[in-house]
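Counting convention: from 1, in listed order, for ligands and their atoms alike. These values consider heavy atoms only, across backbone and side chains, with no hydrogens, waters or symmetry-generated copies. These figures come from a predicted structure and were not determined experimentally.
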Amino acid sequence: MANWKEEINRRRTFAIISHPDAGKTTLTEKLLLYGGAIQQAGSVKGKASARHAVSDWMELEKQRGISVTSSVMQFEYDGYCINILDTPGHQDFSEDTYRTLMAADSAVMVIDAAKGIEPQTRKLFRICAMRHIPIFTFINKLDREARSPYDLLEELEKEFGIGTYPMNWPIGCGQDFKGVYDRQARRILAFTEFHSGQSRIQAVDCSLDDTALLDELIGERLRRTLTDDIELVDGAGYDFDLEAVREGLLSPVFFGSALNNFGVEPFLKAFLEMASPPLPRLSGTEEIRPDSDVFSAFVFKIQANMNKAHRDRIAFMRICSGRFDREKEYLHVQGGKLLRLPQPQQLMASDRAVIDVAYAGDIIGVFDPGIFSIGDTVCEKDADIRYEGIPSFAPEHFASVERIDTMKRKQFEKGILQIAQEGAIQIFHEPHTGVEEVIVGVVGVLQFEVLEYRLRTEYGVEIRRRALPYEIIRWIVGDVDVSSLNLTSDTRWVQDFRGNNLLLFTSSWCIDWAFSKNPGLELRAFNHNE
Ligand code: G4P
């Protein structure tokens with residue numbers, strides 16, 4: 001019991017985010033290498049296997065016995081226990097990424113030094129800023145031609161309205177890349193690339209006044225530039241302020257090259273010193289401390305069918321407080337049932353022992369027989385904890401869906417509900433009509449095809465889909481007698497699977513109508529799953 005606090009204190013849980021191709025996979029691989037979780041670089045993926053990331057990770061886990069799926073990796077380094085949450089690398093912003101960020105205490109953002117901020121990073125960064133998640137920036141690929149470091153920092157500051165603090169400063173780039181100057185250690189990390197693709201990395205303690213040594217290391221021209229740059233950055237840049245870093249107001253920036261394993265270990269060390277251990281989270285107005293005796297966790301992701309042979313679902317939970325014990329029964333708050341979380345790691349690798357304990361900060365994946373939804377809380381049986389739900393965003397495309405085979409009612413209902421619980425689609429129905437039609441809402445139209453495919457292959461149900469003309473959906477706030485509202489004839493009242501009331505509109509004009517005819521009506525574009 002006594003070392004609970006220590007176990008929790010040594011945990012660092014972060015999400016790694018980037019625009020596709022900036023080097024997220026390469027950096028992750030190098031971090032795992034330092035943790036001894038994998039033995040040699042290159043074993044995570046080559047481009048050819050990138051599309052099979054899940055099986056790569058499963059394979060890796062089998063080989064090395066680490067807690068790995070495509071989305072969660074745990075390793076030890078220097079007395080710390082580190083949980084990395086991978087974020088989906090889709091081109092489009094997905095709710096999945098948002099949910100993953102809800103489970104992290106900080107974020108590491110990888111940026112391509114030649115490209116700077118790209119659309120994907122922009123959206124993700126905004127979410128971090130919204131949640132005040134500390135952001136650590138790794139500017140990658142300095143071994144290639146890069147934009148000026150001033151430009152890159154200015155872009156970060158302007159776009160996101162936060163400060164930046166370069167922890168190190170690049171010396172040249174591309175063919176001319178000679179390494180970085182570590183501002184705090186006053187040390188040069190020198191980089192030499194040989195033609196064979198091999199490189200040498202050498203740390204040299206060195207004052208900027210030692211011109212002879214510097215000239216030898218990086219040459220006179222780059223030495224002059226470096227001295228000027230550091231003078232400017234020291235004089236005109238932000239001061240280092242750990243509080244500001246932890247509040248997400250100041251991003252420590254590291255320059256390096258993940259592929260060359262250059263600057264990765266110093267980054268990891270500095271990150272571990274600066275990043276916070278798990279922090280308290282709110283249940284209503286009550287703050288639940290991570291080192292509380294009471295176990296609690298929330299479901300942030302549900303992944304279906306990791307094992308094609310079975311209809312498996314894994315619910316990923318972030319432990320927010322206390323210690324998880326495999327032998328104990330816990331309360332699934334939303335379901336109102338006591339249950340033992342079945343075999344937390346069994347499905348992650350066939351030859352691996354199930355974990356017996358886990359602590360606040362950790363992510364556990366448990367077998368889900370179809371009872372969990374995104375945002376659900378699981379906790380000690382007498383505790384009354386309910387973490388603020390993860391918001392569902394308003395879908396933008398709607399269709400009415402019916403099963404073709406009238407005999408398949410059970411499979412249809414089960415399938416569509418489970419897919420909705422995973423957060424892939426949202427489902428609605430018209431209250432009090434007795435009609436079996438289900439209205440499906442999605443953010444991207446591709447999700448309709450995914451729904452059709454999954455219902456057919458996993459549940460054996462063929463469906464008929466009819467596009468609906470609605471463009472906007474809004475949740476109704478508060479207790480409102482919806483049937484007495486004055487609405488346009490093409491506005492439709494529906495409920496989600498939790499019984500919340502919503503309105504479907506064909507245009508923003510109809511929303512304006514609703515507001516003007518129903519004083520006091522309050523509508524919301526997202527909903528907290530409570
Ligand atoms: P992602 O997960 O963010 O999508 O990026 P990933 O790590 O897959 O890296 C994308 C490409 O960038 C890969 O090249 C990778 O080798 C390269 N890369 C990553 N870090 C660096 C770096 O520091 N310097 C240079 N020069 N390249 C880097 P690829 O050719 O697309 O794939 P591969 O065949 O090398 O795997």
Side-chain angles (χ1 to χ4, degrees), residues 14-34 37-38 40-57 59-60 68-73 84-94 96-97 100-101 107-125 128 135-147 149 152 168 170-180 189-201 253-268:
F14 68 89
I16 184 156
I17 58 183
S18 79
H19 190 88
D21 263 359
K24 186 178 67 166
T25 313
T26 314
L27 182 66
T28 307
E29 172 193 287
K30 296 301 191 297
L31 293 173
L32 292 176
L33 202 63
Y34 283 109
I38 54 173
Q40 61 180 35
S43 52
V44 174
K45 77 160 185 76
K47 204 68 188 174
S49 58
R51 268 168 258 114
H52 310 294
V54 173
S55 53
D56 284 353
W57 288 119
E59 209 42 58
L60 246 181
V68 162
T69 68
S70 62
S71 45
V72 185
M73 292 151 265
I84 305 185
L85 291 160
D86 192 13
T87 52
H90 310 150
Q91 207 76 27
D92 297 329
F93 163 70
S94 76
D96 228 24
T97 310
T100 302
L101 285 169
V108 167
M109 181 168 58
V110 188
I111 285 182
D112 185 327
K115 297 187 175 147
I117 297 169
E118 297 175 81
Q120 178 82 339
T121 6
R122 190 171 292 130
K123 287 176 192 152
L124 293 171
F125 208 115
C128 294
I135 298 159
F136 298 81
T137 309
F138 188 88
I139 299 191
N140 192 28
K141 305 195 187 181
L142 263 293
D143 60 318
R144 295 250 182 95
E145 285 311 312
R147 285 171 48 189
L152 291 163
N168 60 23
I171 307 167
C173 67
Q175 299 265 320
D176 230 8
F177 183 53
K178 297 288 184 226
V180 293
L189 199 57
F191 178 75
T192 322
E193 193 171 24
F194 304 107
H195 287 301
S196 56
Q198 300 282 314
S199 55
R200 187 180 64 195
I201 298 164
V253 179
F254 301 77
F255 292 87
S257 167
L259 187 64
N260 290 289
N261 203 1
F262 181 86
V264 176
E265 196 172 23
F267 162 72
L268 178 58

Colleague: Side chain to side chain contact (heavy atoms under 4.5 Å, CB included) for Ile16 and Leu27? Distances and angles first, verdict last.
Modeller: CA-CA 9 Å; Ile16 184 156; Leu27 182 66; 4.0 Å; yes
Colleague: Please classify the Lys141 to ligand 1 contact at 4.0 Å (heavy-atom distances, strictly less than): side chain, backbone, both or neither.
Modeller: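 The part of Lys141 near ligand 1 is both the backbone and the side chain.
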Colleague: Can you list the atoms of ligand 1 that are under 4.0 Å from a heavy atom of Ser18?
Modeller: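 Those qualifying, in numeric order: 3 (O).
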Colleague: Taking the six-membered ring for Trp, are Phe191 and Phe177 parallel (under 30°), tilted (30 to 60°) or perpendicular (over 60°)?
Modeller: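 Correct class here is tilted.
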Colleague: Go through the structure and list residues passing ring-ring contact (aromatic ring centres under 6.0 Å, His included) with Phe138, not counting sequence neighbours.
Modeller: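 By the ring-ring contact (aromatic ring centres under 6.0 Å, His included) rule, Phe138 matches Phe267.
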Colleague: Are any of the N/O atoms on Leu259, whether in the backbone or the side chain, positioned under 3.5 angstrom from an N/O atom of ligand 1?
Modeller: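 Such a contact does occur with ligand 1.
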Colleague: List every atom of ligand 1 that sits less than 4.0 Å from any heavy atom of Lys24, numbering the atoms from 1 in the order shown and giving each element.
Modeller: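 So the answer, numbered in order with elements, is 1 (P), 2 (O), 3 (O), 5 (O), 7 (O).
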Colleague: Please determine if Asn260 has a nitrogen or oxygen closer than 3.5 Å to a nitrogen or oxygen of ligand 1.
Modeller: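 In fact, backbone or side chain, Asn260 has no N or O that close.
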Colleague: Could you work out, for atom 4 (O) of ligand 1, the closest of Asp21, Leu142, Thr25, Thr26 by heavy-atom distance?
Modeller: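 Checking each option, the heavy atom nearest atom 4 (O) of ligand 1 is found in Asp21.
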Colleague: Is it true that Asp21 and Lys115 have a side-chain N and a carboxylate O under 4.0 angstrom from each other?
Modeller: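 Looking at Asp21 and Lys115, the cut-off is not met.
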Colleague: What do we get for Pro20 next to ligand 1 when only non-hydrogen atoms under 4.0 Å count, side chain, backbone, both or neither?
Modeller: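 Near ligand 1, Pro20 shows its backbone, while the atoms from C-beta on stay back.
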Colleague: Counting from 1, what ligand 1 atoms have a heavy atom of Ser257 closer than 4.0 Å?
Modeller: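 Going through ligand 1 atom by atom, the ones under 4.0 Å from Ser257 are 22 (C), 23 (O), 24 (N).
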Colleague: Apply side-chain contact (heavy atoms from CB on, under 4.5 Å) to Ala113 and list each qualifying residue two or more places apart in sequence or on a separate chain.
Modeller: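 side-chain contact (heavy atoms from CB on, under 4.5 Å) check on Ala113 returns Ile139, Leu142, Ala146, Leu152.
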Colleague: Please check if the side chain of Asn140 supplies one atom and the backbone of Asp112 the other of a donor-acceptor pair under 3.5 Å.
Modeller: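 Here the side-chain-to-backbone pair does not exist.
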Colleague: Closer than 4.0 Å to some heavy atom of Ala258 - which atoms of ligand 1 meet that?
Modeller: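 It comes down to these atoms of ligand 1: 23 (O).
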Colleague: Would you say Asp143's side chain and Gly174's backbone share a donor-acceptor pair under 3.5 angstrom?
Modeller: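 Looks like no, no N/O pair under 3.5 Å.
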Colleague: Of all the atoms in ligand 1, which lie at a distance below 4.0 Å from a heavy atom belonging to Arg144?
Modeller: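 Under 4.0 Å from Arg144, ligand 1 has these atoms: 26 (N), 27 (N).
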